[in-house]
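Working notes for the structure below.
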Amino acid sequence: MPKIIVLMGAPGAGKGTQARLLQERLHLPQISTGDMFRALKEAQTPLADEVRVLMAAGQLVPDDVTIRVVRERTAQEDCRNGYILDGFPRTPAQAAMLEQLAIEQGNAIQAIEIRMPRELLAKRMTGRRNCPVCGEIYNIYFRPPRVDNVCDLHPQTQLVHRADDTPETVEARLITYEEQTRPLLDYYQAKSVLFIVDGTREPEDIYRDIEKAVKSEK
Ligand code: AMP
């Protein structure tokens, strides 16, 4: 049965890094609602304005919008053999929708929690930098690029700092996570589909554990 791999964990835990590795190596599409909303907020529409304000405040985009976006994206052909969700679901309503979607699509859900102590998360987020060309994720404290603020793979390209990775927004995002998203871990645990990995290790070590869970037939 094809799998929906649901990457869970607080912002800054390393979901994006693992989603990229899984996509590259298992050839499954990575669906990041955060990336989709970052693209959407560049438009000149009332919805883009709303998303911009919510993201800057570290709050969630409304469920109806998020659910619509995920339903449309996962209906595409490349999701036929399963897909990776990075940053979805984040609320009970989104989890309920995903349950329904999995039944409709004939997919099994495999949730993975990348667990990271609270005190490390803020530094992981404020230190994060991305290459705007290839999406590679660096961290000035934990995984600096070879040359200051330049992508290793694209030497002409300056890295970017996400607008919501500033100290004020980071705190708000962590509170939003605790209140709205963390309870979903219990939900997946109760369904026996949650696999927990220690996120404080090297990305390759974390990846190995995740791949094992994803390839298991349970
Ligand atoms: P992320 O890149 O996953 O940290 O997401 C960045 C921001 O996008 C979040 O702080 C939310 O404002 C919005 N967002 C991403 N995914 C969701 C979701 N599943 N539900 C609601 N808002 C989301």
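Counting convention: from 1, in listed order, for ligands and their atoms alike.
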Sidechain-backbone polar pair: Gln110 side chain, Val193 backbone, donor-acceptor under 3.5 Å: yes
Please go through Phe195's hydrophobic cluster and name the other residues, only I, L, V, M, F, W, Y counting, with side-chain heavy atoms under 4.5 Å joining them. Ile5, Leu7, Leu21, Leu22, Leu26, Leu28, Ile84, Ile112, Ile114, Val197, Ile206, Tyr207, Ile210, Val214
So CZ of Arg71 and CE of Met97: to nearest 0.5 Å the spacing works out to 5.0 Å
Can you tell me which residue among Leu184, Ile109, Ile103 is in a side chain to side chain contact (heavy atoms under 4.5 Å, CB included) with Leu98? Ile109
Side chain to side chain contact (heavy atoms under 4.5 Å, CB included) involving Pro132 - partner list, sequence neighbours excluded: Thr157, Val160
Write out the protein residues near ligand 1, meaning a non-hydrogen atom under 4.0 Å from one of its atoms, in order of chain and number. Thr33, Gly34, Phe37, Arg38, Met55, Gln59, Leu60, Val61, Thr66, Gly87, Phe88, Arg90, Gln94, Arg162, Asp164, Arg173
Of all pairs that satisfy side chain to side chain donor-acceptor pair (under 3.5 Å), the ones with a partner from residues 87-96, not counting sequence neighbours: Asp63-Thr91, Asp63-Gln94
